[in-house]
Amino acid sequence: MRHLIRANLLATLRNPLALIYGWLFPLIFLAGFWAIYARDPLPLALHAGQFFTITILGSAAFGLPTQMVAEREAGLWRLYALTPASRWRFVVALVLARALLLAGALLLQHGAARLLGMPPLPHPVSTVLALITASLCFLCLGGLIGTLVANVPAVQALGQCIFLPMLIIGGVAVPLASLPDWALPVSNLLPGRHAVVAIQTAVTGTGTRAAGFELALLAGHGALALLAAVLLFRWEPGQRLRPGWWLAAIAAAWLALAGLAHSRARPVPAPPDTAAAGVVADYVRAAGVAVPPAAAPAPPAAMAPPRVVTAPMPPAITAPVAPAPVALPAPDLDAIAFERLPPDAGLVAPIAAEPPDAALASALARIERQVAGWPPAGEGDAVQQVRSLLLIAAVPDLLQMDPLERHLPLLVQALLEQRFGAALPSLLAQIALHPDAGSLAARSQLPALGLPAHTGAQGPLRGRVMLYAFKLLGRVTGRRMGDPPPP
Amino acid sequence: MIAVDGLVRRRGGRTVVDGVSFTVAAGEMVGLIGHNGAGKTSLIDCIAGLARPDAGQVRVAGQVPGGAAARAATGVLVQQPGLPARLTVAETLALFAALHGTAVDGALATALGLDGLAGTRVDRLSGGQRQRLALALAVQHAPPVLVLDEPGTALDAVMRRDLAALLAARRAAGAAILLATHDLAEAAADCDRLLLLAGGRLVAQGRPADLAADLIGMGA
């Protein structure tokens with residue numbers, strides 16, 4: 001087996017065209033994604049599932065079958081057929097050799113993405129597992145294409161028939177949120193969607209466990225494709241395909257897989273969350289906010305215009321002070337317009353109203369354990385510590401890590417109440433009313449909690465920190481426990 | 001070692017091998033003679049396991065062709081073999097040796113004049129060099145059965161002589177050799193028996209001395 005893998009690798013590495021298509025093109029796709037989604041809250045990470053899947057699909061739908069058919073047409077496989085090695089060995093060796101080449105392409109693509117600003121992977125092991133599973137799944141499909149088609153032009157034809165639908169209506173290149181309703185059930189039947197979900201969940205989600213179903217679906221698709229490729233395998237171009245009863249069994253298994261995917265379809269993710277969080281003045285009443293200043297008090301009259309964000313607030317606390325005891329007087333809660341905050345059930349700064357399921361509860365428990373040893377939670381003064389802890393809710397919200405993003409604020413609230421007790425309202429008010437103050441350095445240390453780092457502009461993130469500070473302030477003081485019931 | 005009984009092979013609605021029967025014993029070299037289109041390659045494909053007979057049966061070293069045991073026991077040289085273009089000669093020899101579960105036969109490579117080409121990529125070899133490499137791939141695992149389709153193609157006179165010596169050595173070692181060729185003189189010189197194929201049928205067989213006059217008369 002290893003000799004076949006080595007021979008395949010050597011042959012491909014000595015083929016300049018194969019390297020250009022296999023390794024250079026993925027970098028071009030990446031640059032395209034970077035340019036198209038330049039307004040994302042952080043570079044590229046929200047589309048990692050898409051561009052990694054496109055790279056895998058390109059290698060599987062075109063690279064591998066083209067190599068297979070070209071070698072078969074050249075008569076090389078006729079020579080292999082004279083050796084005692086089984087067709088299983090040949091197909092598996094082809095898939096594994098191509099998987100190694102693909103790993104090189106994915107590594108290059110990841111390196112380039114990091115250079116373009118994508119944050120480090122929060123779950124490297126989960127990401128590698130998702131990439132391996134998706135790669136093997138699609139390469140097995142590529143092996144089936146190579147078995148079915150008779151010549152290189154036919155590879156292009158059949159490859160496009162698989163590649164393009166997955167790109168366009170399979171949630172790979174065109175986001176699911178942009179698809180018409182009729183296309184969504186179709187996308188569920190195609191493994192491209194599951195690959196995007198599995199990879200994306202590893203890159204900006206909670207890791208493997210949350211995408212276990214998708215990984216199982218990919219493994220199922222891959223196993224069936226490999227079985228069909230081996231059973232239909234032919235050593236020579238003119239050799240007839242010999243389908244048997246087992247082909248119907250494989251088709252039935254495929255249908256069962258599709259039905260399973262359809263029955264357990266995930267909700268379509270919302271479009272990218274680039275909504276503005278608003279400014280402080282949006283959430284305070286005209287009468288002013290009597291938040292005791294940390295330094296010199298601001299003149300109350302300056303707070304009058306509700307949409308003005310500059311003068312009314314007390315000076316921000318920027319210099320580290322002793323974390324305890326906290327000597328901030330209680331804020332004037334009546335001056336805060338809690339009812340103007342975005343709804344908890346909305347896209348911006350959501351908070352869950354329902355308990356987490358088992359997988360999510362496990363992820364939350366893990367994060368809670370890791371926070372105990374998370375350095376930013378103990379660095380700086382109390383306000384800075386609270387601000388850093390609020391990032392645990394704010395970054396996932398900005399990255400739309402649903403459903404985690406809706407549950408993390410409750411975890412953060414519990415942690416804050418436990419740590420700061422009666423001082424918490426004043427601390428939250430300080431942060432809510434001074435969103436531009438303090439440091440967001442902790443955003444780069446979120447991977448220690450299994451969450452993605454934030455590397456984009458600070459403005460949107462400070463807005464989300466402000467919103468969660470207001471929302472948690474409402475909750476800990478009983479002023480706003482959740483969305484009001486619908487009229 | 002090779003037993004062909006009532007073999008029929010059809011292609012595109014045409015019968016290209018029609019009821020052929022013969023045997024090749026261990027330590028025997030048999031020449032398969034015939035014009036282009038006589039059915040030699042189709043017959044060899046069936047013996048090598050590359051094609052299935054439509055009727056009749058073939059046994060190679062007691063095995064049905066195509067199975068792992070039969071393939072391990074057979075060394076086959078096909079016409080215009082598709083060698084791995086981007087591998088070197090040494091890499092190709094090592095790959096096929098590994099696929100047969102053996103080591104590279106350095107003495108064989110030397111005998112076929114390949115040792116000086118070890119680092120040369122296959123797509124940069126001449127026609128004769130490629131034929132020598134293909135011969136080495138067929139022979140290097142020392143199979144008890146050799147089936148060679150036009151082994152002298154593209155070889156110069158010296159190499160043909162070396163090839164003849166190589167095959168004689170294998171025959172002496174007990175290999176059963178079936179050698180398909182156009183070259184009656186070569187076959188008559190080297191083989192123990194000749195089979196004459198015409199229109200897919202075996203029209204004559206016997207010792208070269210007995211058949212030579214008939215074959216020459218038939219224009220073979």
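Residue numbers begin at 1 in each chain, while the letters A, B, ... track the order of the sequences. Just so you know, these numbers come straight off a predicted model, no measurement behind them.
Under the 3.5 Å distance criterion, the side-chain polar atoms of B:Q131 are matched with a main-chain donor or acceptor of B:P151. Side chain of B:R86 to main chain of A:T12: no donor-acceptor pair is present (N/O by atom type, distance under 3.5 Å, no hydrogens or angles).
With a 4.5 Å cut-off on non-hydrogen atoms, B:R11 does not touch chain A at all. Residue contact with chain B, scored on non-hydrogen atoms closer than 4.5 Å, is absent for A:E71. Proximity to chain B (any heavy atom under 4.5 Å) is shown, for A:L13, by neither the backbone nor the side chain. Looking at A:A74, only its backbone comes within 4.5 Å of chain B, counting heavy atoms on both sides. With a 4.5 angstrom heavy-atom cutoff, A:R89 touches chain B only via side-chain atoms. For B:D45, the part lying near chain A is the side chain, with the backbone staying farther off; criterion is any non-hydrogen pair under 4.5 Å. The contact between B:V78 and chain A is made entirely by side chain atoms (from C-beta outward), counting heavy-atom distances below 4.5 Å.
For A:F90 and A:W235, the distance between ring centers is under 6.0 angstrom. Aromatic ring centres of A:W34 and A:F51: separated by at least 6.0 Å.
In this model, no donor atom of one side chain and acceptor atom of the other lie less than 3.5 Å apart for B:Q63 and B:R71. If you check the side chains of B:Q79 and B:T41, you find a donor sitting under 3.5 Å from an acceptor. A:Q109 and A:T55 are linked by a side-chain donor-acceptor pair at a separation below 3.5 angstrom, with hydrogens and angles left out of the test.
Among the candidates B:Q80, B:H141, B:H100, B:R121, the residue making the largest number of heavy-atom pairs closer than 4.5 Å to chain A is B:H100. Taking chain B as the reference chain and counting heavy-atom pairs below 4.5 Å, the highest number among A:N15, A:L4, A:L10 is found for A:N15.
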